[in-house]
Amino acid sequence: MTSHCAKVGELLKIARRVLFITGAGVSAESQIPTFRGATAAFANGMTEDGLPFEEVLSAETFLNNPKLAWKYLSLLELSIRGKVPNQAHQVMAELQNQRRSIYVATQNIDELHQRAGSRNVLELHGNLRRIICTSCSYHVHLETFASIAKLPRCPQCDAVLRPDVVLYGESLPPNVLDAFEREQRQGFDLVFSVGTTSLFFYVIEPVVAAARRGVPVVEINPEQTPISDLADFRFSDPAGQTLQRLAQAAIG
Ligand code: NAD
Ligand code: ZN
């Protein structure tokens with residue numbers, strides 16, 4: 001562990017472009033439940049409406065029964081309301097400097113990387129607080145959903161509003177994917193996967209590509225994941241304290 005820590009610290013010290021791929025585990029220490037944590041709250045993974053979480057938060061449900069989808073989007077909002085960045089978000093932001101660019105490609109929709117000060121954040125699954133109209137260009141950033149209607153409508157055109165997140169069955173935002181691909185083409189010196197089970201190809205692929213090119217891959221996750229075998233370095237302590245130790249090793 002210590003020697004791994006020193007080695008990754010050395011790599012961080014010389015790296016000019018670093019990619020962090022992050023998932024729900026990064027926000028776990030901000031007391032935001034991970035996906036499995038959230039679904040475990042429902043008996044047999046079923047919501048009280050008798051449908052699995054993936055279904056109530058799907059594009060199809062939003063189209064056919066937007067009020068039902070909003071009910072669960074509001075529950076998600078409740079889980080991030082008032083939550084603040086933790087040590088993991090903070091260390092990633094502090095690692096940015098004149099010589100080292102940090103890119104964060106996150107599956108999280110809670111905006112905590114930006115709140116910690118990370119400048120290059122690629123929100124692969126969107127942002128729950130960004131509300132957009134399903135029909136016109138109206139958009140607004142909402143700090144909380146506390147005072148909005150159960151089925152909010154656009155003040156400009158009366159169409160249904162929605163959070164700018166990727167629902168199950170939807171594609172990733174093309175502008176975010178383009179930006180991610182552009183940065184990958186420029187290459188990274190070091191790639192981290194932190195707190196993600198990473199079953200989506202667009203999260204696994206950059207790790208596979210980095211490993212193929214000989215770019216060191218670091219995984220921080222208490223559990224084994226589909227990319228664990230590709231990682232040159234694995235840390236199974238929580239993300240916050242692990243990143244803090246690695247950042248210290250990069251300074252020392
Ligand atoms: P997941 O719940 O499938 O996996 C979470 C991962 O985090 C697990 O591998 C777990 O071992 C790891 N983990 C737990 N605590 C950790 C800690 N302290 N440090 C490091 N790792 C830790 O989540 P996922 O793979 O990110 O995918 C779930 C989907 O749900 C994503 O699409 C995401 O958009 C969404 N989601 C987002 C949030 C959020 O915005 N905070 C929260 C829950 C779910
Ligand atoms: Zn509108």
Side-chain angles (χ1 to χ4, degrees), residues 20-41 45 53-54 57-58 72-73 75-89 91-92 104-116 121-140 152-170 172-173 176 192-204 207 218-228 231 234-246:
F20 284 94
I21 297 170
T22 72
V26 163
S27 293
E29 291 163 73
S30 294
Q31 274 66 58
I32 297 176
T34 60
F35 181 67
R36 270 172 292 159
T39 47
F53 213 56
E54 290 87 342
L57 290 174
S58 68
Y72 289 94
L73 288 163
L75 275 183
L76 274 188
E77 189 276 327
L78 210 51
S79 76
I80 70 169
R81 195 180 295 174
K83 303 292 166 65
V84 296
N86 64 56
Q87 199 176 27
H89 300 103
V91 172
M92 287 182 231
V104 181
T106 189
Q107 299 179 79
N108 297 343
I109 54 177
D110 56 26
E111 220 178 62
L112 292 186
H113 284 295
Q114 291 94 322
R115 290 183 182 212
V121 182
L122 300 161
E123 293 179 310
L124 299 170
H125 292 175
N127 183 320
L128 191 61
R129 292 193 180 93
R130 202 162 53 224
I131 305 297
I132 56 173
C133 177
T134 51
S135 178
C136 77
S137 62
Y138 176 82
H139 58 99
V140 65
R153 290 188 171 273
C154 176
Q156 282 176 11
C157 75
D158 205 42
V160 171
L161 294 176
R162 62 169 286 178
D164 191 10
V165 292
V166 178
L167 296 169
Y168 288 96
E170 288 182 331
L172 262 57
V176 177
F192 286 82
S193 169
V194 192
T196 176
T197 306
S198 57
L199 292 170
F200 300 109
F201 79 94
Y202 48 82
V203 181
I204 295 182
V207 177
V218 183
E219 178 172 60
I220 304 176
N221 197 315
E223 291 175 12
Q224 292 278 326
T225 76
I227 66 117
S228 295
R234 246 194 70 75
F235 298 91
S236 51
D237 284 337
Q241 49 173 274
T242 304
L243 282 165
Q244 182 65 40
R245 279 203 301 272
L246 296 175

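Every number for a ligand or one of its atoms is a count from 1 in the order of the listing.
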Practice task
Closest by any non-hydrogen atom to atom 22 (C) of ligand 1: pick that one out of Gly126, Pro222, Ser228, Ala28.
Solution key: Pro222
Practice task
Could you tell me whether Pro238 and ligand 1 have an N or O pair separated by under 3.5 Å?
Solution key: no
Handout entry: Proximal atoms of ligand 1 relative to Ser27 (non-hydrogen, under 4.0 Å)
Key = 41 (N)
Practice task
Run the numbers for me: atoms of ligand 1, each under 4.0 Å from some heavy atom of Ile32, listed by number.
Solution key: 41 (N)
Practice task
Just say parallel, tilted or perpendicular for the rings of Phe200 and His125, cut-offs at 30° and 60°.
Solution key: perpendicular
Handout entry: Polar side chain donor-acceptor pair, Thr242 to Asp237, under 3.5 angstrom
Key = no
Practice task
Kindly confirm or rule out an N or O of Asp237 lying under 3.5 angstrom from an N or O of ligand 1.
Solution key: no
Practice task
Flag Ala239 as yes when one of its N or O atoms lies below 3.5 Å from any N or O atom of ligand 1, and as no otherwise.
Solution key: yes
Fill in the blank from the handout: Heavy-atom closest pair (Ser30 atom, Lys83 atom, distance to 0.1 Å) is O-CD, 3.2 Å
Handout entry: Flag for Gln114-Glu123: side-chain donor and acceptor within less than 3.5 Å
Key = yes
Practice task
For Ser228 and Glu223, work out which heavy atoms get closest and say how close.
Solution key: OG-O, 4.4 Å
Handout entry: Close side-chain approach of His139 and Asp164, heavy atoms under 4.5 Å
Key = no
Handout entry: Side-chain heavy atoms of Phe20 within contact of Leu243, under 4.5 Å
Key = yes
Exercise for the section: Say whether Gly23, considering both its backbone and side-chain N or O atoms, lies within less than 3.5 Å of an N or O atom on ligand 1. Expected result: no
Exercise for the section: Consider every N or O of Asp110 and every N or O of ligand 1, then say whether any pair is closer than 3.5 Å. Expected result: yes
Exercise for the section: Measure across Ile32 and Ser79 and return the closest heavy-atom pair with its distance rounded to 0.1 Å. Expected result: CG1-O, 3.7 Å
Exercise for the section: Give the single entry among Gly195, Gly25, Ser236 that approaches atom 14 (C) of ligand 1 most closely by any heavy atom. Expected result: Gly25
Exercise for the section: Return yes or no for this condition: an N or O of Gln107 is under 3.5 Å from an N or O of ligand 1. Expected result: yes
Exercise for the section: Give yes if a backbone or side-chain nitrogen or oxygen of Pro33 is under 3.5 Å from a nitrogen or oxygen of ligand 1, and no if not. Expected result: no
Problem - Angle in degrees, rounded to 10°, that SG of Cys136 and SG of Cys154 form at the Zn ion (ligand 2) - result: 110°
Fill in the blank from the handout: Quick note on ligand 1: atoms under 4.0 Å from a heavy atom of Glu29 include exactly 17 (C), 18 (N), 19 (N)
Exercise for the section: Report the C-alpha separation of Leu128 and Asp110 in whole Å, then their side-chain angles, then the decisive distance to 0.1 Å, and conclude whether the side-chain contact (heavy atoms from CB on, under 4.5 Å) test is met. Expected result: CA-CA 6 Å; Leu128 191 61; Asp110 56 26; over 6 Å; no
Exercise for the section: Pick one of side chain, backbone, both or neither for how Ala24 approaches ligand 1, counting any non-hydrogen atom pair under 4.0 Å. Expected result: both
Handout entry: Any side-chain heavy-atom pair of Ser58 and Leu167 under 4.5 Å
Key = no
Practice task
For ligand 1, indicate whether the residue Ile109 contacts it via side chain, backbone, both or neither (heavy-atom separation under 4.0 Å).
Solution key: both
